[in-house]
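Note on naming: letters A, B, ... go to the chains in the order of the sequence lines (proteins, then strands), and numbering restarts at 1 for each one.
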Protein chains: 2
Amino acid sequence: MAHRRALIKGSIDSLLLSLIGQKPMYGYQIIKELEQQSQGYFRLREGTLYPALHRMEEAGLISGGWQLLPSGQQRKYYHITEKGLLKLAEKRSQWQDYLVAMNLVIQPANA
Amino acid sequence: MAHRRALIKGSIDSLLLSLIGQKPMYGYQIIKELEQQSQGYFRLREGTLYPALHRMEEAGLISGGWQLLPSGQQRKYYHITEKGLLKLAEKRSQWQDYLVAMNLVIQPANA
DNA sequence: TTACAGTACCTAGACATACTATGTATCAAT
DNA sequence: ATTGATACATAGTATGTCTAGGTACTGTAA
């Protein structure tokens, strides 16, 4: 497995909650924002994003609603829920714990 | 999925290479060392460790050899290979890149 | 002496989840 | 008229960790 694919496992929810927590976003926008904010590192495919959004909506972490553009285009905007905010705080805390544990073992300072 | 299980995905190889790179180790010892060095965070199950070791040995990153203890016990000691050392350096570099990208997006400083 | 906990290895099958590939449709630009 | 970008979606695949189970030896305590 390519390293980005492997490491991203388990992080997608945190990334998506962080982004949607900034402001309501629609799927395609999330892909672009994620790539931009990570300076090109994260490049989600639609096939990765949309199932993740549906899973998170079903879990009550985000909530989506359709909006019709003047052009006739449909966009599904997602905003974060109360439950999602709690989950986001939890995820950030877990991320810190994980960081500490990883650094204790892989000792990048000695590398 | 429990958060540790999720985040650990893609990190196991880095952790194992780091540990075996410190000194040759056998499987059971790796579980104990990993738990100790991470201050209790990482608790690998045998069912997670051994397949990972076999996979990495097949990939030429580590090499294992049996040793017979005076007690009659068998232990399989693994040491890191040249290829494994290169992979370890690569993994450390990738880990740094991933860290930077994650922090750019999840902005724990603002949390 | 037997029962249990610890050491030490292993595999099979289940499960989660990110991947590739593909599909639909609209719009703007060439 | 065709391409590329926008915008959503699903089906099936691949990967890797998990749970659960198995074997076998050692030392200790009841």
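Taking atom CG of Leu44(A) as the reference point, atom P of dA7(D) lies 16 Å away to the nearest angstrom. Atoms CZ (Arg45(A)) and P (dA5(D)) sit 13 Å apart, rounded to a whole Å. Going from atom CH2 of Trp66(B) over to atom P of dC25(D) covers 13 Å, rounded to whole Å. Per the geometry, CD belonging to Gln29(A) stands 12 Å off C1' belonging to dA7(D), to the nearest Å. If you take CD1 of Ile31(A) and P of dA5(D), they are 14 Å apart, rounded to a whole angstrom. If you take CD1 of Ile12(A) and P of dA16(C), they are 17 Å apart, rounded to a whole angstrom. The distance from atom CD of Glu58(A) to atom P of dT17(C) is 12 Å, rounded to the nearest whole Å. Residue Lys32(B) contributes atom NZ, which lies 9 Å from atom P of dA8(C) at whole-angstrom precision.
Side-chain nitrogen and oxygen atoms of Tyr50(A) include at least one within less than 4.0 Å of the OP1 or OP2 phosphate oxygen of dC8(D). Within the structure, every side-chain polar atom (N or O) of Tyr26(A) is placed at least 4.0 Å from both OP1 and OP2 of dC8(D).
Two different hydrophobic clusters hold Leu88(B) and Leu86(B) under the rule that ILVMFWY side chains link at heavy-atom gaps under 4.5 Å.
Here the closest heavy-atom approach between residue Glu57(B) and residue Gly64(B) is recorded as OE2-N, 3.0 Å. Here the closest non-hydrogen pair linking Ile106(B) and Leu15(A) is CG2-CD2, 4.1 Å.
Contact check for Leu53(A) versus Ile20(A): side-chain heavy atoms found under the 4.5 Å cut-off.
Of the residues near DNA chain C, His54(B) and Arg75(B), the one whose nearest nucleotide (by heavy atom distance) lies more toward the 5' end is Arg75(B). Mapped onto DNA chain C by nearest heavy atom, Thr48(A) and Gln73(A) fall at different nucleotides, with Thr48(A) at the one closer to the 5' end.
Distance from the side chain of Tyr78(B) is smallest to dC10(C) among dC10(C), dT10(D), dA18(C). For Arg55(B), whose side chain is taken as the heavy atoms from C-beta onward, the closest listed nucleotide among dA7(D), dG16(D), dC10(C) is dG16(D). Ranking dC8(D), dA18(C), dT20(C) by closeness to the Lys76(A) side chain, first place goes to dC8(D).
Among the protein residues, Gly47(A) comes within range of the nucleic acid bases, having at least one heavy atom under 4.0 Å from a base atom.
Side chain to side chain, Gln22(B) and Gln37(B) meet the donor-acceptor criterion of an N or O pair below 3.5 Å.
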